[in-house]
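Everything quoted here is computed from the prediction, not taken from an experiment. Every heavy atom of this structure was used, including side-chain atoms; hydrogens, water molecules and symmetry mates were not.
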Amino acid sequence: MIKYSLNLLAVVLGSGLIAAGFNLFLIPHHLLSGGVSGLSMLASYFTPLGVSPLYFLFNVPLLIAGWFQLGRRFIVFSIVSVAAAAWLIEWIPVKPLVSDMLLASVFGGVIVGVGSGISFRVGGSSGGFDILGSIISRHRDFPIGSVLVSLNALVILAAGYLENNWNIALASMASMYVSGRVVDFIHVSHIKVTVFIVTNRTDEMLQRLLGLQRGITKIKTEGAYSHTEKDMLMTVTTRYELAELKRIIKESDPQAFVNILETVGVLGSFRKR
């Protein structure tokens with residue numbers, strides 16, 4: 001329960017960074033973020049509606065779709081992120097911290113990327129195209145940040161056409177690229193690791209580890225010094241899921257010996273998330 005509460009707090013922190021990136025760097029220069037937030041900004045520049053309500057409303061159908069595709073925990077965290085970001089966008093004043101558009105696009109992209117990456121890291125998202133990116137990455141083994149950059153191409157084209165200012169469009173593209181790279185740096189679900197676990201509590205640990213829906217191989221082992229027979233469990237997972245796997249191991253058998261290796265590649269059946 002404490003970990004869940006800390007994760008929710010991290011999601012709210014990420015939302016605060018996203019809102020700050022919007023209101024202090026991007027919006028004052030009419031720059032765009034990626035995906036739904038970019039659509040919200042673009043719509044707000046040409047209508048009397050604000051970014052905050054548009055950001056929330058545009059996210060609703062995607063959150064509903066994600067509820068069925070990505071799981072309740074992911075979407076609950078995403079709902080918290082979207083709601084917190086929408087409220088903070090309304091609360092933080094729109095005030096440029098830098099006068100140069102290029103600096104605003106780069107640093108705005110970094111801050112928004114950190115905020116989105118934090119939400120991804122704890123098991124949620126910042127909503128919008130992040131949800132679409134997560135759905136795509138489950139079926140195709142791509143880094144999520146790269147997926148988001150690709151999805152944002154239409155937003156960039158729309159900005160250049162409607163604003164009739166390709167400087168703004170290209171600066172927005174730079175911001176989205178930086179944001180995508182930062183997300184990939186923080187969120188590492190496409191990086192695979194192999195975990196070897198030597199334990200005396202095989203049945204208890206297997207019961208919990210199988211809930212992660214990853215294949216597990218059980219190997220009989222014997223200590224070379226003690227000649228004690230033990231079981232070794234081997235599984236391949238992602239860096240993103242590694243934190244949850246470590247938690248299960250620690251709770252099931254605090255005395256377990258664990259060896260974690262980064263995996264170069266996986267052939268055969270491996271479920272992408």
Before we go on, tell me: are the rings of Phe120 and Phe77 under 6.0 Å apart, centre to centre? no
In the single-linkage hydrophobic clustering (I, L, V, M, F, W, Y; side-chain heavy atoms under 4.5 Å), do Val193 and Ile219 co-cluster? no
Can you check whether Ser33 reaches Leu26 side chain to side chain, under 4.5 Å on heavy atoms? yes
Rounded to the nearest 0.5 Å, how far does CG of Leu17 lie from CG of Leu88? 10.0 Å
Can you get from Leu245 to Leu261 by hopping between Ile, Leu, Val, Met, Phe, Trp and Tyr side chains that sit under 4.5 Å apart? no
Would you say the side chain of Ile92 lies within less than 4.5 Å of the side chain of Leu24, judging by non-hydrogen atoms? yes
Distance from Met234 atom CE to Thr217 atom OG1, nearest 0.5 Å? 4.0 Å
Would you call Met205 and Ile249 a side-chain contact if the rule is heavy atoms closer than 4.5 Å? yes
I need the Met173 CE to Leu32 CG distance, nearest 0.5 Å. 11.0 Å
Looking only at non-hydrogen atoms, find the nearest pair between Val182 and Val110 and report the distance. CG1-O, 4.0 Å
Does Leu9 sit in a hydrophobic cluster with other residues, and if so which ones, taking ILVMFWY side chains as linked at heavy-atom separations under 4.5 Å, directly or through other members? none
Is there a side-chain contact between Phe107 and Val178 in this structure, where contact means two heavy atoms from C-beta onward sitting under 4.5 Å apart? no
Any chance CH2 of Trp91 has more than 12 other-residue heavy atoms, nucleotides or ligands included, within less than 6.0 Å? no
Apply the test salt bridge (charged side-chain N to carboxylate O under 4.0 Å, His left out) to residues Glu204 and Arg208: give CA-CA distance (whole Å), side-chain angles for both, the deciding distance (0.1 Å), then the verdict. CA-CA 7 Å; Glu204 179 182 348; Arg208 299 190 62 183; 5.8 Å; no
Could you list the residues that satisfy side chain to side chain contact (heavy atoms under 4.5 Å, CB included) with Glu262, not counting sequence neighbours? Ile191, Arg239
Contacts table for residues 46-65: side-chain donor-acceptor under 3.5 angstrom, sequence neighbours left out:
from: Thr47; atom 1: OG1; to: Ala43; atom 2: O; distance (Å): 2.6
from: Thr47; atom 1: OG1; to: Leu49; atom 2: N; distance (Å): 3.4
from: Ser52; atom 1: OG; to: Ala86; atom 2: O; distance (Å): 2.5
from: Tyr55; atom 1: OH; to: Ser126; atom 2: O; distance (Å): 2.9
from: Asn59; atom 1: OD1; to: Gly128; atom 2: N; distance (Å): 2.4
from: Asn59; atom 1: ND2; to: Tyr55; atom 2: O; distance (Å): 2.7

Minimum heavy-atom distance Pro28-Pro96, with the two atoms named: CB-CB, 3.6 Å
Residue pair Gly113 / Ile186: nearest heavy atoms and the distance that separates them: O-CD1, 4.3 Å
Given side chains that start at C-beta, do those of Ser116 and Ile18 come closer than 4.5 Å, heavy atoms only? yes
Over-ring placement of Arg181 relative to Phe185, 6.0 Å and 45° cut-offs: no
Are Val195 and Val236 side-chain neighbours, meaning at least one heavy-atom pair lies under 4.5 Å? no
Flag if over 12 foreign heavy atoms under 6.0 Å of CD, Glu222: yes
